[in-house]
> 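Have a look at the structure that comes next, please.
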Amino acid sequence: MCYYCSMIAEVIVDITNSMVDKIFDYYASEDVTVGQRVIVPFGKRNIQGFVINLKQETTVDEEKLKNIISTVDDYPLILPEHIEIMHFMVKKYHLRFVDCLRLFIPAQLRSENVKPLVKTYIIVSGDPQKFKKTVRSNAKNLLALCEYIKPNQSYLKSELVSKFTQSAVSKLIENGILRQEKIEEKRTPPSIDIQCQKHKLTPLQQRAVDEIISDNSISLLFGVTGSGKTEVYMSVIEKVVQNGKNAIMLVPEISLTPQVLSNFRARFGNNVAILHSGLSVGERFDEWRRVLFGEAHIVVGARSAIFAPVKNLGVIIIDEEHETSYISESNPRYNTLHIAKFRSEYNNCPLVLASATPDIASYQKALSGEYKLLELPKRINDKPMPKIQIVDMLSEIRNGNTGMFSSALLFELDKCIKEKHQAMLFINRRGYSSFMRCTNCGYVAKCTDCDVTLVYHKKEDKLKCHYCGKRFKALTICPQCKSTAIRNGAIGTEQVVSALKEMYKDVPIFQMDNDTTRTKNAYQRILSEFGKSKPGILVGTQMIAKGHDFSDVTLVGIIDADQSLYHTDYKSTEKTFELITQMSGRAGRDKVEGKVILQTYAPRHYAYRFIANYDYKSFFDKELNIRKNTMFPPFTTILRLLFSSQNEEIVRETTKLCYNDIKHLRDEYLEDFVYLDAMKSPIRKIKNNIRYQILMRIKHTHENEIIDKIYKICDKYNKVSVFVEIDPQNLS
């Protein structure tokens with residue numbers, strides 16, 4: 001029994017194991033606070049834990065209760081709000097406590113691999129010239145140091161030591177000429193050097209700002225590309241900060257954050273912090289602490305920034321709210337929108353969802369009045385939307401053009417280069433070609449650990465798996481029939497860049513995809529260099545399709561518009577509409593009118609008709625009608641149970657047993673189940689794990705009850721990995 005402790009602390013131990021993922025009680029001394037990390041005895045070892053509550057009493061036998069050994073930090077790292085978010089996520093997504101808590105602090109801080117950057121400075125507090133007179137003539141370093149330093153100036157100690165030796169510096173410190181001072185320096189993420197002027201709001205922008213800050217509702221800001229949504233964001237945040245509150249601004253891609261950060265820093269200075277996984281360990285740690293200690297009142301970042309330790313939130317803004325990147329598809333699985341809604345309710349602050357192509361479900365909620373609908377239907381200063389020319393690639397082939405570029409795109413590219421403008425070419429496939437195939441026997445190179453074809457990367461002359469990262473030698477001879485008749489599949493970014501460099505030898509051509517942006521600051525470097533290149537061509541995947549604002553881009557080319565159109569996914573048409581509309585919006589954002597060349601093998605598909613006219617509302621009406629007739633979301637919720645194991649027999653048997661349990665549940669809720677089936681996953685194997693799945697669509701009437709019961713069913717099966725996904729964005 002503890003005689004000096006007056007409180008009981010509820011602790012979650014930092015162990016990823018469902019068996020111990022529960023709340024444990026410990027005696028706590030008075031210096032322990034909620035949100036702190038502590039060291040606790042657990043079994044035969046001492047481990048780290050998180051204090052999530054303090055109370056006066058416990059139901060645990062006092063003789064079994066142990067004392068907290070020590071605190072790890074002098075201050076709480078986790079806010080009371082985070083603890084509420086944790087409880088919300090555990091209930092909604094059936095997650096472990098510890099997995100939620102780990103989202104709230106940088107991983108390196110938990111492992112203590114990162115510390116504040118402290119530098120030692122030397123301040124000249126005495127008279128070096130007076131002291132110099134007492135120095136022997138042969139003490140050359142000391143004499144040189146006295147000559148170098150100036151009264152009341154400061155110098156980095158490491159620099160003085162490297163120039164004049166440690167003993168010379170120490171001698172002056174001993175004699176009071178110099179004094180040392182340790183100063184913590186923040187590691188600041190780089191941003192693009194751009195000018196961001198504050199613009200006078202248009203009447204529609206002003207109305208949007210006023211409506212957003214008028215109450216604490218959810219607003220959908222539906223504005224075409226180039227309509228000035230960013231200026232609305234900054235004006236709202238400016239008012240929020242003036243009122244003593246803080247803001248979170250989310251963007252869907254890490255590649256967008258340097259440009260957004262630059263805009264925000266130009267307006268708000270050092271009051272902006274940036275948080276995303278592309279930062280260095282030190283940068284992320286320092287930016288996170290600046291937010292925690294209230295040194296930055298505006299957070300800009302990708303999905304994980306929704307968990308930033310922001311107190312007194314005044315607004316949350318989600319740019320490009322339709323983007324699937326806001327949904328985490330790996331453990332812990334969560335939907336950023338759900339967390340944002342929780343935080344806005346907790347802080348009683350507005351939540352803004354913004355897009356030129358809103359998610360079908362979001363727009364339906366706006367039309368029904370659940371969200372406040374705010375529209376910006378025109379570009380700033382009534383600039384025209386770029387004209388979209390649809391090119392039938394089958395017709396190109398019939399006319400003898402079998403290349404990747406249509407005659408229309410080649411004509412417009414030549415014109416763009418001659419006029420010293422910029423072009424952006426979009427193809428949502430990286431690498432040189434999507435596969436290598438033997439034309440003699442039909443063999444296609446596949447990954448040994450994943451049930452997927454290997455992508456050829458010509459620069460490295462390697463075949464790569466884009467799921468597990470494994471690399472293989474490129475095919476020169478078929479391993480089955482020994483033929484040398486090897487053919488490449490569909491083109492990727494690398495092949496497009498290679499072809500362009502042959503055509504335009506003196507024009508800077510840039511490639512932006514996951515292969516070229518792996519190194520630190522690669523995003524900033526590519527975007528900055530492209531911005532300065534006139535003429536210049538940027539080739540990229542979907543990371544170039546959103547948010548970028550280059551005034552000299554007059555041409556956008558969509559190399560293969562059909563790529564996302566025929567995926568086995570009910571949202572494939574919606575994703576195609578969103579992606580091409582967003583990409584088209586990169587052109588003609590300044591004085592020169594833009595042009596878009598859209599290459600397709602299905603020119604009469606209804607999606608392209610709506611895309612060509614930027615007619616989101618008609619597309620929405622047609623797509624919603626299809627969803628209603630087929631009972632897909634937003635009229636139902638899709639649940640996917642994904643089972644995986646290296647033992648196919650066990651995973652197949654587990655899937656069968658679980659499926660039988662769910663069939664009994666369906667009998668109980670017969671009117672709620674629209675669809676139920678079990679099958680192999682479309683990608684049967686990833687990283688040597690065999691994957692099976694159960695898919696179901698359920699109506700919203702008793703949705704929460706059914707999901708809770710499905711979680712309980714899944715808990716029975718622990719021989720394999722089981723994930724429950726709600727409305728998954730990728731069913732492969």
Side-chain angles (χ1 to χ4, degrees), residues 192 194 225-226 253 255-256 258-259 386-389 391 393 396 401 403-433 457-459 490-517 522-561 563 579-580 582-599:
I192 302 170
I194 60 174
T225 55
E253 295 270 2
S255 61
L256 292 182
Q259 193 165 35
K387 291 177 182 175
I388 299 178
Q389 179 181 342
V391 177
M393 293 303 285
E396 290 283 315
N401 180 9
M404 68 181 78
F405 305 122
S406 63
S407 54
L409 181 54
L410 289 172
F411 174 81
E412 294 295 340
L413 262 175
D414 286 342
K415 181 183 174 186
C416 179
I417 298 303
K418 284 175 185 173
E419 294 175 353
K420 297 196 180 303
H421 293 310
Q422 296 171 311
M424 296 174 77
L425 300 187
F426 168 75
I427 179 162
N428 206 20
R429 188 187 297 114
R430 61 191 173 101
Y432 189 83
S433 62
H457 291 251
K458 190 175 182 180
K459 282 182 183 176
I491 61 172
T493 50
E494 194 179 323
Q495 191 170 164
V496 173
V497 168
S498 179
L500 288 170
K501 285 182 176 179
E502 286 294 316
M503 293 162 52
Y504 302 107
K505 297 186 185 299
D506 298 324
V507 176
I509 296 166
F510 304 91
Q511 179 182 335
M512 192 165 180
D513 54 28
N514 281 342
D515 295 317
T516 61
T517 55
Y523 296 104
Q524 294 94 316
R525 178 183 52 77
I526 294 170
L527 293 174
S528 180
E529 289 179 9
F530 172 64
K532 296 171 186 173
S533 301
K534 297 165 190 178
I537 303 173
L538 176 63
V539 179
T541 55
Q542 63 181 0
M543 64 173 61
I544 72 167
K546 303 167 286 285
H548 303 296
D549 189 352
F550 294 102
S551 59
D552 282 296
V553 171
T554 59
L555 175 66
V556 163
I558 316 288
I559 305 293
D560 184 0
Q563 188 188 345
L579 201 50
I580 294 177
Q582 293 283 343
M583 189 65 231
S584 300
R586 299 314 106 208
R589 297 173 76 93
D590 200 30
K591 296 172 185 175
V592 181
E593 188 173 346
K595 184 78 180 279
V596 179
I597 303 297
L598 188 158
Q599 299 183 169

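Quick note: residue numbers are just sequence positions, from 1.
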> With a 3.5 Å cut-off and no angle check, do the side chains of T541 and N428 form a donor-acceptor pair?
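N428 and T541 do not have a side-chain donor-acceptor pair below 3.5 Å.
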> What's the verdict on side chain to side chain donor-acceptor pair (under 3.5 Å) for S407 and E396, showing C-alpha distance, side-chain angles and the deciding distance?
CA-CA 8 Å; S407 54; E396 290 283 315; 3.2 Å; yes
> Could you check whether E502 pairs with K505 (Lys NZ or Arg NE/NH1/NH2 to Asp/Glu carboxylate O, under 4.0 Å)?
yes
> Salt bridge or not for R430 and E494, using N-O below 4.0 Å?
no
> Once rounded to the nearest 0.5 Å, what's the spacing between atom CE of M404 and atom CD of Q495?
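These two atoms lie 4.5 Å from each other.
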> Report the distance from atom OG of S551 to atom NZ of K591, rounding to the nearest 0.5 Å.
9.0 Å
> Begin with the C-alpha distance, continue with both residues' side-chain angles, and end with the deciding distance and a verdict on side-chain contact (heavy atoms from CB on, under 4.5 Å) for L538 and I544.
CA-CA 8 Å; L538 176 63; I544 72 167; 4.0 Å; yes
> Contact between H421 and V553 at the side-chain level, heavy atoms closer than 4.5 Å - yes or no?
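With C-beta onward as the side chain, the pair stays apart.
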> When rounded to the nearest 0.5 angstrom, what is the spacing between CD in Q599 and CG in D560?
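Q599 atom CD to D560 atom CG measures 8.5 Å (nearest 0.5 Å).
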> Measure the CZ-OG1 distance between R429 and T493 for me, rounded to the nearest 0.5 Å.
10.0 Å
> Are the side chain of D513 and the backbone N or O of T517 linked by a donor-acceptor pair below 3.5 Å?
no
> Tell me the closest heavy-atom pair linking P386 and V596, and the distance in Å.
CB-CG2, 4.0 Å
> Would you mind reporting whether E253 and Y523 have side-chain heavy atoms less than 4.5 Å apart?
no
> Which atoms form the tightest heavy-atom contact between F405 and A499, and what is the distance?
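Closest approach of F405 to A499, heavy atoms only: CE1-CB, 4.0 Å.
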> For the atom pair CZ (R525) and CZ (F510), what is the distance rounded to the nearest 0.5 Å?
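The CZ atom of R525 sits 9.0 Å away from the CZ atom of F510.
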> So, R586 side chain and A545 main chain: donor-acceptor pair closer than 3.5 Å or not?
yes
> Which distance, rounded to the nearest 0.5 Å, do you find between the OG of S406 and the CE of M393?
5.5 Å
